[in-house]
Amino acid sequence: MEQWINTIFDVLKIIVIPLFCYVYKDLKNSIQKNNEEVKACININNENISSLRKEVMNEISKNDEKIEKVHSELNQLKSDLPLVYTLREDHIRALNSVDAAINKVSRKIDKLIEIKKEG
């Protein structure tokens with residue numbers, strides 16, 4: 001019986017351990033290869049992320065400039081608005097006074113025409 005056990009252990013030493021070592025080595029090589037591929041993908045993704053980040057920062061900078069331009073235009077409008085509104089109101093008042101003067105002249109002409117017809 002002891003001889004059988006020794007024979008089984010010998011077979012295990014001869015077949016199983018080298019087979020295990022081969023499988024382990026192959027698995028280790030496969031893992032290392034996959035690890036290198038993953039590192040390469042990560043590097044590519046990092047480069048893409050850096051590129052996209054630069055583009056986003058450029059767009060943010062452009063938008064900041066546009067916002068600043070809109071702010072300055074709005075401030076200019078705020079300062080011009082009372083002047084333009086006042087001038088428009090003054091123009092309307094002036095036209096109303098001209099209309100009133102024309103109406104007075106028209107009434108006087110109408111009166112003169114009536115006087116001429118009567119007399």
Side-chain angles (χ1 to χ4, degrees):
M1 177 86 166
E2 191 175 308
Q3 186 178 1
W4 279 99
I5 292 175
N6 284 337
T7 306
I8 291 174
F9 278 124
D10 288 340
V11 167
L12 284 175
K13 286 180 193 176
I14 294 171
I15 295 174
V16 174
I17 292 176
L19 183 63
F20 176 75
C21 288
Y22 173 76
V23 169
Y24 173 76
K25 202 182 235 185
D26 188 48
L27 185 62
K28 182 181 173 186
N29 289 338
S30 176
I31 289 172
Q32 285 177 342
K33 182 180 176 186
N34 286 340
N35 192 20
E36 290 171 5
E37 290 173 359
V38 167
K39 285 181 181 179
C41 288
I42 288 172
N43 287 337
I44 290 171
N45 284 338
N46 284 341
E47 291 171 4
N48 289 340
I49 288 171
S50 294
S51 173
L52 289 173
R53 184 177 185 276
K54 287 177 185 176
E55 288 178 25
V56 167
M57 294 306 288
N58 285 340
E59 289 299 318
I60 287 173
S61 175
K62 288 178 185 177
N63 285 341
D64 287 344
E65 291 171 4
K66 289 178 183 177
I67 288 171
E68 192 61 37
K69 183 178 177 184
V70 167
H71 277 274
S72 74
E73 288 175 0
L74 185 61
N75 287 335
Q76 183 67 34
L77 178 65
K78 283 180 182 178
S79 65
D80 289 346
L81 193 58
L83 178 65
V84 171
Y85 181 74
T86 302
L87 292 176
R88 188 175 299 145
E89 288 295 317
D90 289 343
H91 180 70
I92 291 171
R93 273 188 238 120
L95 285 178
N96 285 337
S97 65
V98 168
D99 284 342
I102 290 174
N103 285 338
K104 283 182 184 178
V105 170
S106 176
R107 280 189 223 122
K108 288 180 180 179
I109 290 174
D110 287 342
K111 282 182 182 180
L112 287 174
I113 292 174
E114 282 181 23
I115 292 174
K116 188 175 181 182
K117 283 182 183 177
E118 289 176 5

Would the number of heavy atoms belonging to other residues, nucleotides or ligands and lying under 6.0 Å from CD of Glu73 be above 12?
yes

Separation between CG (Leu27) and CD (Gln32), nearest 0.5 Å, reads 10.5 Å

So if you build clusters from Ile, Leu, Val, Met, Phe, Trp, Tyr with side-chain heavy-atom gaps below 4.5 Å, do Ile8 and Ile5 land together?
yes

Lys/Arg-Asp/Glu bridge criterion (N-O < 4.0 Å) met for Asp90, Arg93
yes

Kindly compute the distance separating CG (Leu74) from OG (Ser79), expressed to the nearest 0.5 Å.
10.0 Å

Atom CD in Glu37, atom CD1 in Ile42: separation rounded to 0.5 Å?
12.0 Å

For the atom pair NZ (Lys39) and CG (Asn43), what is the distance rounded to the nearest 0.5 Å?
9.0 Å

Could you tell me the separation between the CD1 atom of Ile67 and the OG atom of Ser72, rounded to the nearest 0.5 Å?
12.5 Å

Not counting sequence neighbours, list each pair that qualifies as a salt bridge (Lys or Arg N to Asp or Glu O under 4.0 Å) and has a residue in residues 55-65.
Glu59-Lys62

Examine distances only and state if a side-chain atom of Ser50 and a backbone atom of Asn46 form a donor-acceptor pair shorter than 3.5 Å.
yes

Check for me, please, whether Ile15 and Val23 land in the same ILVMFWY cluster - side-chain distances under 4.5 Å, paths through other members count.
no

Return yes when atom CD of Gln3 has more than 12 non-hydrogen atoms of other residues, nucleotides or ligands closer than 6.0 Å, and no otherwise.
no

Hey, what do you get for CG (Asp26) to CD1 (Ile31), rounding to the nearest 0.5 Å?
10.0 Å

